[in-house]
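The structure appears below as structure tokens.
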Amino acid sequence: MSLSIKEAAEIIRSGGLVAFPTETVYGLGANALDRAAVQKIFEMKGRPETSPLIVHVASVEMARQVVAEWPPLAEELARQWWPGPLTIVLRKQDSCPVNVTAGLPTVGVRMPNHPVALALIEEAGVPIAAPSANRFTGLSPTTAEHVRAAFGDAVPVLDGGPCTVGIESTVVAIEGDKLKLLRPGMISLGEIERAAAQGAEAPHPAPGMHEKHYSPRTRLILVRSASELPDRTGAYVWRVALGPAARSVRMPLDAAPYAAQLYRVLHQLDAENWPWIAVEMPPDAPDWTAIRDRLSRAAGR
Ligand code: AMP
Ligand code: MG
């Protein structure tokens, strides 16, 4: 039996957890204003409390309920990219529980571009704190099936089909009139900078970003070409050169469709129990920055 948006919203309002689709990945959501509800997210995921959550909103007005300031730069970024895969980090309001932000004085807010997510947030009437709906360090889910595989019946899931962006949002902090990239995503820092017409600092790691993250259980190795495959026994995810592996998956040549499929392919290969999964590293070009980031983390380097 599938869950309706009304039922899911009722669960959120009464302090429970619901997994829901967004355009990036599926989220494990709780009422962002309810500290006890948010605590359940950390427990369910096995996520360390040092890792902040993103607060999902259905409007700029709702975002302004959790932040202490809404500078013109935030307004500009929201106007350009919301709803969309861009998280904006700003000083938090006191009413925002400390566990949402892992004790940080800032909070990340985002308006997702998915009709089911927006309907859920609107119906619940509260902002929804949500990390990806997977166990800590595991691969992020891009289908309802992936969420069920991770949590079984412990978490009700709203099914909104496969995620169209497929990797986690770009995270930028606004500090005064400066932008700082905290996590690359499919919206590049270059695009954001051009839009904001502002200087920005070089990428630096976000608090709570762990080296090994977004990982399959199977050993994942990054190769430059098929000639670097260890042997013929594993699975090879390639773009441009077919390899001699036992199993081989051809990926799109463009970054956006590649990202949309990446986690689904890795979940699938992980479930097939190959001795290793080799991925041909995509080019060192701006379009591919976020994908290269996630692949490096998945490979544990
Ligand atoms: P996840 O929801 O699993 O994709 O993780 C949320 C990520 O958003 C964190 O790991 C951080 O990279 C980033 N993030 C959320 N809130 C903040 C914040 N207040 N300051 C810095 N980074 C944040
Ligand atoms: Mg995650």
Side-chain angles (χ1 to χ4, degrees), residues 17-30 32 38 40-42 44-57 63 66-69 74 85-94 96-112 114 117 127-142 146-147 150-151 155 163 165-175 178-187 189 201 203-216 259 262-263 266-267 289-290 293-298:
L17 302 181
V18 172
F20 63 99
T22 78
E23 80 279 33
T24 59
V25 303
Y26 274 70
L28 180 62
V38 168
K40 293 178 187 169
I41 295 176
F42 289 95
M44 185 63 70
K45 283 193 61 134
R47 181 176 173 114
E49 291 173 26
T50 51
S51 209
L53 308 179
I54 292 169
V55 175
H56 295 74
V57 297
V66 295
V67 299
E69 56 186 356
L86 179 68
T87 298
I88 304 174
V89 173
L90 289 163
R91 279 197 302 122
K92 82 179 211 40
Q93 195 147 116
D94 290 344
C96 180
V98 289
N99 55 355
V100 169
T101 68
L104 294 171
T106 55
V107 63
V109 286
R110 172 170 110 80
M111 180 172 168
H114 195 294
I128 297 182
S132 50
N134 53 277
R135 297 199 186 268
F136 180 60
T137 77
L139 271 180
S140 296
T142 57
H146 295 159
V147 181
F151 297 120
V155 179
C163 302
V165 172
I167 69 172
E168 299 80 359
S169 61
T170 305
V171 181
V172 286
I174 298 179
E175 292 170 7
K178 285 241 183 327
L179 276 175
K180 197 183 278 180
L181 182 67
L182 299 182
R183 177 175 73 184
M186 294 309 287
I187 298 174
L189 181 61
E201 291 170 25
H204 88 143
M209 279 191 82
H210 299 259
E211 267 283 279
K212 188 159 168 76
H213 211 146
Y214 316 106
S215 300
L262 177 62
Y263 288 147
L266 293 180
H267 273 285
T289 303
D293 170 76
R294 300 308 187 279
L295 285 173
S296 300
R297 285 171 193 286

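Please read these numbers as outputs of a predicted model, since none were measured by experiment. All ligand and atom numbering here is 1-based and tracks the order in the structure.
The option from Thr106, Val100, Leu28 that lies nearest to atom 18 (C) of ligand 1, judged by heavy atoms, is Thr106. Ranked by closest heavy atom to atom 3 (O) of ligand 1, the top entry among Lys92, Arg47, Arg110, Glu168 is Arg47. Of the listed options Gly27, Ala102, Ala130, Pro52, Pro52 places a heavy atom closest to atom 15 (C) of ligand 1. Residue nearest to atom 13 (C) of ligand 1, selected from Leu182, Val171, Ile88: Val171 (by heavy-atom distance).
Residue contacts with ligand 1 for Leu53 involve N, CA, C or O but no side-chain atom from C-beta outward (heavy atoms, distance under 4.0 Å). At a heavy-atom cutoff of 4.0 Å, ligand 1 is contacted by no atom of Val25, backbone or side chain.
With hydrogens and angles left out, the side-chain atoms of Arg110 and Thr22 include a donor and acceptor closer than 3.5 Å. Counting only N and O atoms by type, the side chains of Glu168 and Ser132 include no donor and acceptor under 3.5 Å apart. Looking at Ser215 and Thr137, their side chains never bring a donor and an acceptor atom within 3.5 Å of each other.
Side-chain contact between Val89 and Ile174: absent, with no pair of heavy atoms (C-beta onward) separated by less than 4.5 Å. Within the 4.5 Å cutoff, side-chain heavy atoms of Ile128 are placed close to those of Phe20.
Looking only at distances, a side-chain donor or acceptor of Glu69 sits under 3.5 Å from a matching main-chain atom of Arg91. The backbone N or O of Val66 sits nowhere less than 3.5 Å from a side-chain atom of Gln93 that would complete a donor-acceptor pair. In this structure, the side chain of Arg135 does not engage the main chain of Gly46 through any donor-acceptor pair within 3.5 Å.
The N/O atoms of Arg183, backbone and side chain alike, include one that comes under 3.5 Å of an N/O atom in ligand 1.
For the side chain to side chain contact (heavy atoms under 4.5 Å, CB included) with Leu28, the qualifying choice from Lys40, Met44, Arg47 is Met44, the only one to do so.
Residue-ligand proximity, Ile54 to ligand 1, at heavy-atom distances under 4.0 Å covers atoms 6 (C), 8 (O), 15 (C). Below 4.0 Å from some heavy atom of Gly108 lie the following atoms of ligand 1, by number and element: 16 (N), 19 (N). Of all atoms in ligand 1, numbered sequentially from 1 with element shown, those under 4.0 Å from a heavy atom of Leu104 are 18 (C), 19 (N), 20 (N).
Of all heavy-atom pairs between Leu86 and Ser169, the closest is N-CB, 4.2 Å. Of all non-hydrogen atoms in Gly29 and Ala130, the two that sit nearest each other are CA-CB, 3.8 Å.
The tally of protein N/O/S atoms under 2.8 Å from the Mg ion (ligand 2) stands at 1.
Ligand 1 has no atom lying under 4.0 Å from any heavy atom of Thr101.
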